[in-house]
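Read the structure below first, then the notes.
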Amino acid sequence: MSEINYRLGKNQKLKSFKVIGNLFQGGNSFIAYPFKVVWLYNESDTRFFRFSVSVPKRKYKRAVDRNLIKRKIREAYRLNKAVLQADYHGKLADFMVIYIASADAEYLVFENAMKIALTKLRKKITTLDTGEEIV
RNA sequence: ACAGCAGGUCGUUCUAUCGCUCGCAAUUUUAUUGCGUGAGGAAAGUCCGGGCAACGCAGAGCACCGUGUUUCUUAACCGGAAGGUAUUCGCGAGGGUACAGUAUUGCAGAAGAAAAUAACCGCCCCGAAACUUGUUUUCGGGGUAAGGGUGAGAAGGCGGGGUAAGAGCCCACCGACGAGCCGGGCAACCGGUUCGGUCGUGCAACUCACGGGUUGAAAGACCAUGUAUAUCGGAUACGUAGGGCUGCUCGCCCGAUGCCGAGGGGUAGGUCGAUAGAACCAAUUGGCAACAAUUGGUCCAGAUAAAUGAUAGAAGUUUUGCUUAGGCAAAAUACAGAACCCGGCUUACAGACUUGCUGUUGUU
RNA sequence: GAUACGUUAGCUCAGUCGGUAGAGCAUUUGCCUUUUAAGCAAGGGGUCCCGAGUUCGAAUCUCGGACGUGUCA
């Protein structure tokens, strides 16, 4: 996976009800404002990081607002996957990004925040995963 | 020209780069490439009505809930259209609201004499007593709805006759109600006319007519997984315990899969349902209209932790400011995101176009 | 997606088969006390979530809207 592509297909999305349930029950989490990231090592043999977005209905009543925020977050991840994935050979993980700020923002804010969140996630994954070596 | 009323239509566009859903095809092999495709008038609120599905249903009565002017429309409706009556807002074009019945029973706070077989004050008559001896006062009996600080509502209105004083007590006119006749209208109803003194209001209960089985796609079907109302022991004993039929009663049906004790699981999802329909567009015909019929054409999202996007640039529209003008600058560019599907209703909405009509001002 | 309910004083709630809006706590003032607390007495404080309608009269009944809360795999 040396060549970077910006695709974000169905198989890179976290879709199973059960996996999400496990994620919230047994997953680790940290905050990289305005995001909260919940993650767990992926035990099955998928070939990708699996990713999902959530925006609380409590804070954004209208479906239009929620959709817009989710799309921006998804876009930010799609364009900055490299931060997490480039030259990474350790254990893969599933993670969910939850938007916890109470106001919408410009796309650039999302992009910068996403970079910070992904570097933080990468560090956490590699330090906890003692069995593998980092290049 | 400006202001407005009623109806209808639309509700941003283009380019570049990187992406997403679904379908088809190809390559190769479980990912990539190419082509096509992809939100609304309200997709919203979930307020009505259907389709569809499961379960239930011998039947009858009562209860409960909903609706309530007429005719039409529709698959159906608490929808829509055209009317009717009353009321209300507007100078007007027009808009809003209400509408089955009242035989019986009940309620109507406060205020007021009295809130429904009305005598507190007043007015009038009769009798008695008192003395201040008269158009007097007091007491008692009766008549009386013309007048009286109230009130949403006070026993049709107004004038005349009549009377002790009064009263539809009688009469004329007006209003309402009931009955009859004539004309118009499919009908609600409207207009005219004759007769009858028949003449207080509102809201409930109640009565009448019509409709209503329950639950909603998280319904449900199939596949996969699973020994899964598993299995063992005991008590009860035959239509018994109990259950079902929206609630109740009658009645009918089912009925050991129930009770007690011991004991033992699984949860991983997928496909269908689910997108060709009371569909949409155009024309013609019928109808005041809602709407219907016929002919021709079109295929128009189908996701499921849930696609329809992000970034950059340009254009359009509106408002404001500056400017003689051309133009320049700034700001704004709505409401809002399908989740089984239709028909309505309601609510939100920057703005644009269009048809008919009304008012004001000016010109001819 | 479906469905059930709530909104009344600063807070927690009564009042909902129509008729002057209440209780407890809090708050203000006075009394008591050396002072505070407690106690006693008096008072203030209301867009009854919003807008229409029915009615003589609406917190209550009807319709529409806003916000909030629960239940169902």
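Both backbone and side-chain heavy atoms feed into the values below; hydrogens, waters and symmetry mates do not. Each chain gets a letter, A, B and so on, in the order the sequences are listed, and its residues count up from 1. Because the structure is a prediction, the values reported are computed rather than measured.
With P as the reference atom, G309(B) and U21(B) are 14 Å apart, rounded to whole Å. To the nearest whole angstrom, the two C1' atoms, one in G24(C) and one in G15(C), are 15 Å apart. Nucleotides G180(B) and A155(B) place their P atoms 32 Å apart, quoted to the nearest Å. One P atom belongs to C20(B), the other to G51(B), and the distance between them is 43 Å to the nearest Å. Distance check on atom P: C47(B) versus G83(B) gives 34 Å, rounded to whole Å. Only the C1' atoms considered, A176(B) is 13 Å distant from G197(B), to the nearest whole Å. With C1' as the reference atom, G80(B) and G184(B) are 29 Å apart, rounded to whole Å. Only the C1' atoms considered, U20(C) is 26 Å distant from A26(C), to the nearest whole Å.
Base orientation at C124(B) is anti, since its O4'-C1' glycosidic dihedral falls outside 90° of 0. Annotated as syn: G168(B), whose O4'-C1'-N torsion sits within 90° of 0. Look at A108(B): its glycosidic torsion is beyond 90° from 0, and that puts it in the anti range. A syn base is found at G134(B): its glycosidic angle is within 90° of 0. With its glycosidic angle within 90° of 0, G41(B) is assigned syn.
C52(B): Watson-Crick or G-U partner is G216(B), with both key distances under 3.5 Å. Under the Watson-Crick or G-U wobble criterion, with both distances below 3.5 Å, U318(B) is paired with A331(B). In this structure C345(B) sits in a base pair with G45(B), meeting the Watson-Crick or G-U test at under 3.5 Å. With both pairing distances under 3.5 Å, G313(B) is matched to C14(B) as a Watson-Crick or G-U wobble pair. With both pairing distances under 3.5 Å, C107(B) is matched to G202(B) as a Watson-Crick or G-U wobble pair. With a 3.5 Å ceiling on both atom-pair distances, A306(B) lacks any Watson-Crick or G-U wobble partner. In this structure, G112(B) forms no base pair with any nucleotide, since neither Watson-Crick nor G-U wobble geometry is met with both distances under 3.5 Å. Of all nucleotides present, only G66(B) satisfies the Watson-Crick or G-U wobble test against C210(B), with each distance under 3.5 Å.
When the C1' atom of A307(B) is taken as reference, atom CD of Glu75(A) falls 14 Å away, rounded to whole Å. To the nearest angstrom, C1' of A305(B) lies 7 Å from NZ of Lys70(A). Note: CG (Leu79(A)) to C1' (A312(B)) measures 13 Å, nearest angstrom. Rounded to an integer number of Å, the gap from Met114(A) CE to U311(B) P is 14 Å. Here C18(B) presents its P atom at 15 Å from OH of Tyr107(A), a figure rounded to the nearest Å. The interatomic distance linking Phe51(A) (CZ) with C20(B) (C1') rounds to 13 Å, in whole Å. Rounded to an integer number of Å, the gap from Ile69(A) CD1 to A310(B) P is 12 Å. Nucleotide A336(B) holds its P atom 14 Å from the CG atom of Asn67(A), rounded to whole Å.
Contact annotation: the side chain of Phe51(A) approaches that of Arg74(A) to within less than 4.5 Å [non-hydrogen atoms, C-beta and beyond]. Considering only heavy atoms from C-beta on, Asn80(A) comes within 4.5 Å of Glu111(A) through its side chain. Met114(A) has its side chain within reach of Ile73(A): a pair of non-hydrogen atoms, C-beta onward, lies under 4.5 Å apart.
In this structure, Arg74(A) reaches the A307(B) phosphate: one of its side-chain N or O atoms is under 4.0 Å from OP1 or OP2. One finds no side-chain N or O of Arg71(A) lying less than 4.0 angstrom from the OP1 or OP2 phosphate oxygen of G19(B).
Residue contacts shown for Arg66(A) are absent, as no nucleic acid heavy atom lies under 4.0 Å away. Among the heavy atoms of the strands lying under 4.0 Å from Leu68(A) are primed sugar atoms or P, OP1, OP2 only; no base atom is included.
Of the two residues contacting RNA chain B, namely Met96(A) and Asp65(A), the nearest-nucleotide position lying further toward the 5' end is that of Met96(A). Each of Val64(A) and Ser52(A) was assigned the nucleotide of RNA chain B with the nearest heavy atom; the assignment lying further toward the 5' end belongs to Ser52(A).
When each of A310(B), A305(B), G337(B) is scored by its nearest atom to the side-chain atoms of Ala63(A), the top-ranked nucleotide is G337(B).
With sequence neighbours excluded, the residues that form a side chain to side chain contact (heavy atoms under 4.5 Å, CB included) with Ile100(A) are Ile31(A), Tyr33(A), Lys36(A), Lys59(A), Ile98(A).
Taken from OG in Ser29(A) to CH2 in Trp39(A), the straight-line distance is 10.0 Å, to the nearest 0.5 Å. A distance of 14.5 Å separates CG of Leu84(A) from NZ of Lys120(A), quoted to the nearest 0.5 Å. Atoms OH and CZ, from Tyr107(A) and Arg71(A) in turn, are 14.5 Å apart once rounded to the nearest 0.5 Å.
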> Should Met96(A) and Val53(A) be marked as a side-chain contact (heavy atoms from CB on, under 4.5 Å) after you check the CA-CA gap, both sets of side-chain angles, and the distance that decides it?
Replying inline: CA-CA 6 Å; Met96(A) 178 174 253; Val53(A) 187; over 6 Å; no

>> Walk me through whether Leu121(A) and Phe30(A) qualify under side-chain contact (heavy atoms from CB on, under 4.5 Å).
In response: CA-CA 9 Å; Leu121(A) 177 65; Phe30(A) 64 90; 3.9 Å; yes

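One cannot find a donor-acceptor pair under 3.5 Å joining the base of C20(B) and the side-chain atoms of Arg78(A).
Exactly one residue among Phe35(A), Phe95(A), Phe110(A) makes a ring-ring contact (aromatic ring centres under 6.0 Å, His included) with Tyr77(A). That residue is Phe95(A).
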> Dot-bracket for RNA chain C, 5' to 3', with Watson-Crick and G-U pairs under 3.5 Å, [ ] for crossing pairs and | for other-strand pairs: what is it?
Replying inline: ((((((((.[[[[.)...(..]]]].(((((.......))))).....[[[[[..)....]]]]]))))))).

